[in-house]
Student: 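This structure is in structure tokens; I'll ask about it shortly.
In what follows, chains carry the letters A, B, and so on, assigned in the order in which the sequence lines appear, proteins first and then strands, with residues in each chain numbered from 1.
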Amino acid sequence: MTEPSKVSPLSVPQHQPAAGGIAARARAASGPRYLDGLNPEQREAVETLEGPVLVLAGAGTGKTRVLTTRIAHILSQGRARPNEILSVTFTNKAAREMKTRLGQMLGHAVEGMQWLGTFHSIGGRILRFHAEMAQLKSNFTVLDVDDQVRLLKQLLQAEDIDDKRWPARMLAGLIDGWKNRGLGPSQVPPGEAAIFANGKGGKLYASYQERLKILNAADFGDLLLENIRIFREHPDVLRQYQQRFKFILVDEYQDTNVAQYLWLRLLAQAPSNSSSLPGLTRQSIGSSQDGSPGLDASRRPGDDEQSVTDGEKEKSTPPAKNICCVGDDDQSIYGWRGAEVDNILRFEHDFPGAKVIRLERNYRSTGHILSAASYLIAHNEGRLGKTLRTEDVDGEKVTVTGSWDSEEEARAIGEEIEELQRKGEKLNEIAILVRASYQMREFEDRFVTLGLPYRVIGGPRFYERAEIRDALAYLRVISSPADDLAFERIVNVPKRGLGDATVQLLHDHARKRRIPLFEAARAVVETDELKPKARGSLRDLVAQFDRWRAQSEVTAHTELAEVVLDESGYTEMWQKDRSADAAGRLDNLKELVRSMEEFENLQGFLEHIALVMDRDGEAEDEAVSLMTLHSAKGLEFDNVFLPGWEEGLFPSQRTLDEQGRAGLEEERRLAHVGLTRARRRAKLYFATNRRIHGTWATTIPSRFLDELPPASVEITESKGGSGWGGAGGYGPSRFDNVESFGSSYTTPGWQRAQARRGRSNEGQKRGGFDEDQSPFSGSRSDASSRGDFGFSRNKRGPLTIEGELVAKSTGTVSEFSLDDRVFHQKFGYGHVVKIDGNKLTIAFDKAGEKKVVDSFVERA
DNA sequence: GACATCTGGGTTTTT
DNA sequence: CCCAGATGTC
């Protein structure tokens with residue numbers, strides 16, 4: 001099919017700016033209540049309903065408010081009904097928040113907003129309606145990463161490919177990447193398809209897709225990719241959605257990947273009657289002409305040359321209707337998983353006639369924090385440019401604290417938190433944001449010792465936990481007997497004596513007769529191919545499932561779940577498990593059953609589970625939040641601690657190596673995100689020594705520290721007591737004579753990285769200011785004197801803090817005695833070896849000796 | 001087939 | 001350093 005590339009600017013905007021403006025002003029006097037308190041830019045973003053709109057919303061500028069108010073506006077103006085508004089977010093959390101806030105604004109629950117959700121949930125929804133067009137049934141299963149890998153492993157085995165040399169995980173990553181870029185098996189550039197398993201990559205991708213259809217399953221990428229294909233192959237279907245969605249709103253537009261972009265583009269085109277108009281040329285998705293080189297490969301962040309696609313795209317840009325994308329190019333931090341900052345940078349090209357509105361007034365942070373964040377991000381080149389301003393006071397300066405090692409860093413932060421607490425700060429308003437999740441452990445250890453309540457945000461997703469997936473697998477097999485992956489997962493969990501050999505036999509049978517594993521099991525039981533023990537065991541299992549399936553017709557699904565977990569022996573398996581987290585797993589299972597109550601039936605529950613399950617119901621107790629920078633996006637706290645600002649860790653060496661300059665910029669945006677989470681206090685830390693992969697390494701302060709405005713930064717001494725501190729109040733800087741630590745680097749951090757990066761990208765360009773203005777340059781103690789500090793100078797924290805803790809907990813005398821057997825949520829079982837007030841020293845069976853406040857353990 | 005031990009590999013971020 | 005997967009042993 002030829003591309004009708006001459007549809008050019010069909011005079012896009014229907015709106016008359018002048019009239020609209022007047023109308024807006026007229027309304028202002030007596031305007032609806034929900035518009036009250038919006039600043040002019042926000043208001044414009046809300047009221048510009050016609051044509052494409054890009055709202056560049058810096059951190060803390062009221063982005064969510066604009067989005068929700070806009071929806072409220074559309075509804076109250078009667079411009080569309082709730083189910084005619086497509087509103088997409090990235091995370092379930094964001095979707096939920098929008099729903100909540102919309103409900104508050106409209107004063108009633110937001111029924112009917114069926115199209116408010118994540119890209120994936122909406123894509124999944126659409127796909128279920130047209131499943132047969134993708135050779136699926138409407139009750140298809142959404143596979144998680146684990147299932148994917150398992151499936152790929154089987155394919156690799158079938159192809160006789162060494163799973164070691166070519167890990168299934170890697171292939172899963174590749175396929176995911178292709179799907180993120182909107183590429184089906186036939187469209188993967190040959191060069192790329194060849195890099196896996198000596199050229200078999202593309203073929204494997206194709207057979208993977210085939211297998212998915214047979215299993216009636218789709219992976220995350222398919223939820224969008226199949227939509228796109230359906231839209232392109234069935235213009236009538238596409239038109240149906242184009243007509244339905246009168247307004248489209250997109251949150252976090254900077255995080256969209258190519259597939260999401262294409263999906264949006266299709267939906268955002270004005271419905272055309274000439275069905276010969278698939279529009280969309282960006283990279284000829286789904287066109288049967290196979291992938292010519294240059295399809296897409298060019299579009300990686302960091303490659304700046306793609307003027308070819310650019311020109312071509314522009315010619316055929318179809319008219320776009322009322323799409324409003326909200327985002328912040330400075331907060332694009334998901335490039336590594338396929339997000340294209342480019343999407344937002346090129347919005348005006350992609351949607352001609354677009355109105356761009358900048359929200360630059362920040363309502364969150366103090367002056368110093370904002371200036372630090374702005375100054376830092378100004379070092380990036382690829383940005384649309386925004387200048388955040390605030391009318392808030394300057395507030396406290398951003399502090400930078402160096403410490404000897406990561407342990408001391410944790411200690412220092414722990415003490416500062418206690419100090420803040422004494423000043424009356426709420427623990428809920430304190431967060432520690434780390435670059436990598438392994439940094440969290442040290443803080444957890446420290447807080448456990450201090451008895452400081454904390455909670456980890458993000459962590460392993462609820463539905464990714466083994467026990468949840470196991471439980472779900474049982475339910476999946478009940479609901480769809482053909483779900484081989486689910487069956488395989490639980491066939492021997494708990495142990496039933498059905499090992500690899502048995503499963504292999506079932507596979508053979510299933511393949512020979514082209515039946516699902518479960519049916520194969522039923523058949524095999526009737527033969528004598530299995531040893532009596534396995535045979536009996538398998539027969540019982542089949543019988544059990546038959547029974548459950550029958551029961552599912554008459555029993556409530558929550559009750560069924562309980563019965564299944566019970567009768568299968570699954571619950572018992574964990575009850576017998578003595579490991580530390582068994583109790584938590586049982587809790588999770590209960591939580592799972594409880595969460596099922598929200599759904600009508602098992603089917604409904606399973607359909608939504610993979611997409612919607614994330615950890616809800618976090619306890620609302622006062623606690624410090626601990627999370628990665630990535631999961632902090634969208635959150636805000638009065639006090640934010642940012643540890644680990646060291647070269648290699650932050651910016652991450654790996655990102656630098658793999659993505660070069662683009663990676664550095666993304667890391668810098670991550671730093672910017674971190675800083676802008678803070679309302680009143682931002683505290684940065686770096687350690688001189690850090691354990692990486694088990695061995696100690698000397699590190700140098702992050703280049704990002706040098707990119708902060710001196711006037712807004714204060715270098716402080718480590719409250720942990722040791723570390724730097726000494727001479728003249730100066731902290732270390734990248735100009736440290738690092739040689740004395742055995743490092744071969746004599747140049748500043750960024751220079752070193754520059755040298756390393758040379759191959760992948762053009763050299764580093766500096767913007768901004770002179771090195772000498774760095775807050776870290778200038779006089780300071782020389783390196784050799786530093787070794788003296790170590791831990792010895794540490795006078796330990798003020799005793800008053802401990803006193804408080806004692807008073808707060810059960811009393812001065814512990815209820816435990818020496819040698820008592822105890823259980824701890826995190827460390828498991830152990831016995832008491834020392835008692836000091838309410839502080840116990842416990843020798844844990846697995847975790848070794850730890851000091852723990854007694855309220856954290858219970859008698860075993 | 002189940003369990004113990006070993007080795008090698010990977011350690012960012014996630015719908 | 002820690003984990004998962006693979007191998008080896010009973």
Student: Could you tell me whether the phosphate oxygens of B:dT12, OP1 or OP2, come under 4.0 Å of any side-chain nitrogen or oxygen in A:R654?
Tutor: yes
Student: Under 4.0 Å from OP1 or OP2 of C:dC1: is there any side-chain N or O of A:R691 that close?
Tutor: yes
Student: Taking all non-hydrogen atoms of both residues, which atom of A:A687 and which atom of A:S406 are closest, and how far apart?
Tutor: CB-N, 3.8 Å
Student: Return the nearest nucleotide to the side chain of A:T118; candidates are B:dT15, B:dT13, B:dT12.
Tutor: B:dT15
Student: Of the listed nucleotides (B:dT12, B:dT15, B:dT13), which one gets closest to any side-chain atom of A:S652?
Tutor: B:dT12
Student: Between B:dT12, B:dT14, C:dC1, which one does the side chain of A:W336 approach most closely?
Tutor: B:dT14
Student: Across nucleotides 1-8 of chain B, 5' to 3', mark each nucleotide with B, S or - according to how protein heavy atoms within less than 4.0 Å reach it.
Tutor: SSS-----
Student: Under 4.0 angstrom, heavy atoms only, what part of the nucleic acid is A:Y438 near: base, sugar-phosphate, or nothing?
Tutor: nothing
Student: Go through the N and O atoms of the side chain of A:S121 and the base of B:dT15, and report whether any donor-acceptor pair is under 3.5 Å.
Tutor: no
Student: Just the rounded figure in Å: distance from C1' of B:dT13 to NE2 of A:H630.
Tutor: 4 Å
Student: Heavy atoms from C-beta onward define the side chain here; which of B:dT12, B:dT14, B:dT15 lies closest to that of A:T628?
Tutor: B:dT14
Student: In this structure, is the centre-to-centre distance between the rings of A:Y334 and A:W336 below 6.0 Å?
Tutor: yes
Student: What integer number of Å spans the C1' atoms of B:dT12 and C:dG5?
Tutor: 22 Å
Student: Give me the one residue out of A:R489, A:K153, A:R476 that meets salt bridge (charged side-chain N to carboxylate O under 4.0 Å, His left out) with A:D147.
Tutor: A:R476
Student: With the side chain of A:S437 defined as its heavy atoms from C-beta on, choose the nearest nucleotide among B:dT13, B:dT15, C:dC2.
Tutor: B:dT13
Student: Do we see A:Y334 stacking on the base of B:dT13, given a limit of 5.5 Å between centres and 30° between planes?
Tutor: no
Student: Has the side chain of A:T527 got a donor or acceptor atom that lies under 3.5 Å from a matching backbone atom of A:V524?
Tutor: yes
